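Worth saying up front: this structure is predicted, and the values here are computed from it rather than measured. Just so it is clear, the values below take in all heavy atoms, side chains as well, and ignore hydrogens, waters and symmetry mates.
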Amino acid sequence: MSGRIFQRITNVLKKHQLKNSFSGKTTSLRNIGTSKETEAVMLKDFGNPKKVLSLEKILVHDPSDDEVLVKMLMAPINPSDINMIEGTYHIRPKLPAIVGNEGVGEVVEIGKKVKNMKPGDWVIPTEAAWGTWRQHAVTKENMLLKIDNDIPLLSAATIMVNPCTAYRMLKDYVMLKAGDLVIQNGANSAVGQCVIQLAKEWGIKTINIIRDRPDLESLKSHLNQLGATHVVTEEFVRTPEMKELINSYNQKPKLALNCVGGKSATELIRFLEEKGTIVTYGGMSKKPLTIPTGALIFKEVKIVGYWNTQWNFEHRDSNEKKDMYKNLCNLMRDCKLIPSPSELIPFSNFQVAVDKSLEGFQNQKKVLVMQE
């Protein structure tokens, strides 16, 4: 992405905030007796995402005393969604299930005992596998988390997974300070782009590794615009020039972030300082980590993993979680943390969005727009 396009996106976010209330055509609920009819993407059998999904009409009831009626606005398609559909994710929902781990909705109606939400509030699920790929839902108040509704809508729809993952990995494993060095692979991923922006805000330097590709220079330019200190390819990492780059600092990276696995992860470990930490949060290459024995014995490198779903479960109602969302929303409001480039696709075309998300070298996250 060129600097000109980056600036245009930033200007749009600042001017319109994508917006405080969604301006598209609203899909209304249709009364069916004492219930209302809406639509959802259903999964009845695990398997090929191109074959096992269907858009179906479902019924929702009026909210009871402690329930909330939510109109879904946007929901992204993440790798975890694809893995869940395939049946390869750590969480396997009971079938049939409504698909979708992440998204934002607007409160439409509340039960008389609901205390902390009101119509017009924006909400996100508190847990994975909640089923965000639908137009309306009725759920318990405690299954939702209210977030600021004055941030960009796209930012709100994608706040739950990638920004939180980046935030926690930079905060929880190493005591980083301004001027410290972090190295990551898969730097063009949605998490990687959040890492770059958060690190820039906190004064942390980043070495960002990406795969070679036809639009390499455009991608490098985009990541540099976000605040990357260095952007290099997997091939460059294996050259003497990479060692020179590391040696140009008076320190080695304290923290490495791995979402690729295989040889790419091994290279990250090679450049870590003694007693450095590598955090694995994905395995896009589908190859296992190979840990050099010397890195464990002589460098005492720490090997850990991060799973955002588990962190959310363990910190469901914690002040730490509330503070994180407050900080993230503040950065999003100031356009210091912008979402990765995205293609907005009407909910009725969900299968097109899913098929596109399966293609290689993705430059845009696919996001479903529920209210067409």
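Annotation: the span from Trp311 atom CH2 to Arg168 atom CZ amounts to 4.0 Å, rounded to 0.5 Å. Atom-to-atom distance recorded for Asp45:CG and Ser54:OG is 10.0 Å, nearest 0.5 angstrom.
For NE2 of His90, the number of neighbouring non-hydrogen atoms (other residues, nucleotides, ligands) closer than 6.0 Å is 12 at most. By the 6.0 Å contact criterion, CZ on Phe313 is open, its count of non-hydrogen atoms from other residues, nucleotides or ligands being 12 or less. No more than 12 heavy atoms of other residues, nucleotides or ligands sit less than 6.0 Å from atom CG of Asn250. When the shell of 6.0 Å around NZ of Lys321 is examined, it contains more than 12 heavy atoms from other residues, nucleotides or ligands. The local environment of NZ in Lys302 is sparse, with at most 12 non-hydrogen atoms from other residues, nucleotides or ligands closer than 6.0 Å.
For the pair Arg92 and Phe46, the cation-pi test (distance below 6.0 Å, angle within 45°) is passed.
Each salt bridge (Lys or Arg N to Asp or Glu O under 4.0 Å) pair with one or both residues in residues 187-206, not counting sequence neighbours, appears once here: Glu201-Lys336. Among pairs with a residue in residues 272-297, those fulfilling side chain to side chain donor-acceptor pair (under 3.5 Å) read Asn258-Thr280, at least two apart in sequence or across chains.
Between Ser357 and Ile82 the shortest heavy-atom distance is OG-CD1, 3.7 Å.
Residues Ile303 and Leu296 have side chains in contact (heavy-atom distance under 4.5 Å, counting atoms from C-beta outward).
Classified by interplanar angle (parallel below 30°, tilted 30° to 60°, perpendicular above 60°), the ring pair Phe347/Phe350 is tilted.
With 3.5 Å as the limit, one finds no donor-acceptor pair spanning the side chains of Glu86 and Asn48.
Asn327 pairs by the side-chain hydrogen bond (donor to acceptor under 3.5 Å, both in side chains) definition with Tyr167, not counting sequence neighbours.
Ion pairing between Glu127 and Arg316 holds under the 4.0 Å rule for side-chain N and carboxylate O.
The ring of His230 has its center closer than 6.0 angstrom to the ring center of Tyr249.
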